[in-house]
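Data block below; observations after.
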Amino acid sequence: MKIVFVGAGNLATRLSLAMQRVGMQIGQVYSHTEESAGQLAGRLGCPWTTDLSTLQPDADLYVFSLKDTVLEEVIAQVKPNNGLWVHTAGSMPMTVFEGHASRYGVLYPLQTFSKGREVNFDVIPLFLEANTDKESAYLKNIATALSENVRFLSSEKRRHLHLAAVFACNFTNHI
């Protein structure tokens, strides 16, 4: 399985390293900055790009791990292909892929991430959603290779879960 990461931030860094650790091949990293793309690709030993038109078209999985504010804009710039497209956002619906990809879903880890802090993906809850039963099964296989805590959750329920988690984490940190 070949995976392309669209994004090179905190979550993309931790998730791509975890995927590589369990034997998944990261084929390419995209970021809008050379520094971020180059740093993560260097750790993964794969090529990188800052140009969405040069994304590898033959990957099995495309992980869009971006800020919510740019997710839809970036998705619209990626050429359609046969890969499964997933995003990692808690508050964005799965339907952001409609009209851009035929296979799509969500892989949402309920965790705060930083590039420099190791995490144990075995215990991180992963919440999934996919547009077909076939894609659900495919995504579940990927997720269970990473975590022992995998569940399916609709976009609406995931949005509420994400809001509660952000409130609990940020409020606690603020106090």
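Distance check: T69 OG1 to M92 CE gives 9.0 Å after rounding to the nearest 0.5 Å. Here the CG-NE2 distance, from N81 to H100, works out to 13.0 Å after rounding to the nearest 0.5 Å. A distance of 4.5 Å separates CG in L139 from CG in L128, rounded to the nearest 0.5 Å. Between the CG atom of L61 and the CE atom of M19 there is a distance of 5.5 Å, given to the nearest 0.5 Å. Separation of atoms SG (C46) and CD (Q25) is listed at 9.0 Å; rounding is to 0.5 Å. In this structure, N82 CG and S102 OG are separated by 6.5 Å, a value rounded to the nearest 0.5 Å.
Shown here for P57 and Y62, the closest heavy-atom pair between the two residues is C-OH, 3.1 Å. Across every non-hydrogen atom of A12 and S16, the tightest pair is O-OG, 2.7 Å. Here the closest heavy-atom approach between residue K79 and residue W85 is recorded as O-CZ2, 3.5 Å. Heavy-atom minimum distance, A89 versus D68: CB-OD1, 3.3 Å. Here the shortest heavy-atom pairing between M1 and D60 reads CA-OD2, 3.1 Å. The two residues L126 and S147 have their closest heavy-atom pair at CD1-CB, 3.6 Å.
Other residues, nucleotides and ligands contribute more than 12 heavy atoms inside 6.0 Å of the CZ atom of R21. Enclosure of atom CG in D133 is not indicated, since only 12 or fewer non-hydrogen atoms of other residues, nucleotides or ligands lie within 6.0 angstrom. The neighbour count for N141 CG, taken as heavy atoms of other residues, nucleotides or ligands under 6.0 Å away, is above 12.
The side-chain heavy atoms of F64 and T88, taken from C-beta on, include no pair separated by under 4.5 Å. Between L52 and V6, some side-chain heavy-atom pair lies under the 4.5 Å cut-off. Residues L107 and L15 form a side-chain contact, since some pair of their non-hydrogen atoms from C-beta on lies under 4.5 Å apart.
Cluster membership for V123 and L11, using ILVMFWY side-chain heavy atoms within less than 4.5 angstrom, is not shared.
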(message) Go through it in stages, so that I can follow the logic: the residues are V86 and Y104, the test is side-chain contact (heavy atoms from CB on, under 4.5 Å), and I'd like the CA-CA distance, side-chain angles, deciding distance and then a yes or no.
(response) CA-CA 6 Å; V86 299; Y104 55 87; over 6 Å; no

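Figure legend: R103 and F97 shown without cation-pi pairing, the cationic atom not lying both under 6.0 angstrom from the six-membered ring centre and within 45 degrees of its axis.
Note on residues 40-58: pairs passing side chain to side chain donor-acceptor pair (under 3.5 Å), not counting sequence neighbours, are K2-Q56, K2-D58, T49-T54, D51-S53.
Just one of V78, V4, L55 meets the side chain to side chain contact (heavy atoms under 4.5 Å, CB included) condition when paired with Y30; it is L55.
Within the 3.5 Å criterion, the main-chain N or O of V63 finds no donor-acceptor partner in the side chain of H87. A distance-only check finds no donor-acceptor pair linking the side chain of E148 to the backbone of T144 [under 3.5 Å].
Using the six-membered ring where Trp is involved, Y108 and F127 have ring planes that are tilted, between 30° and 60° apart.
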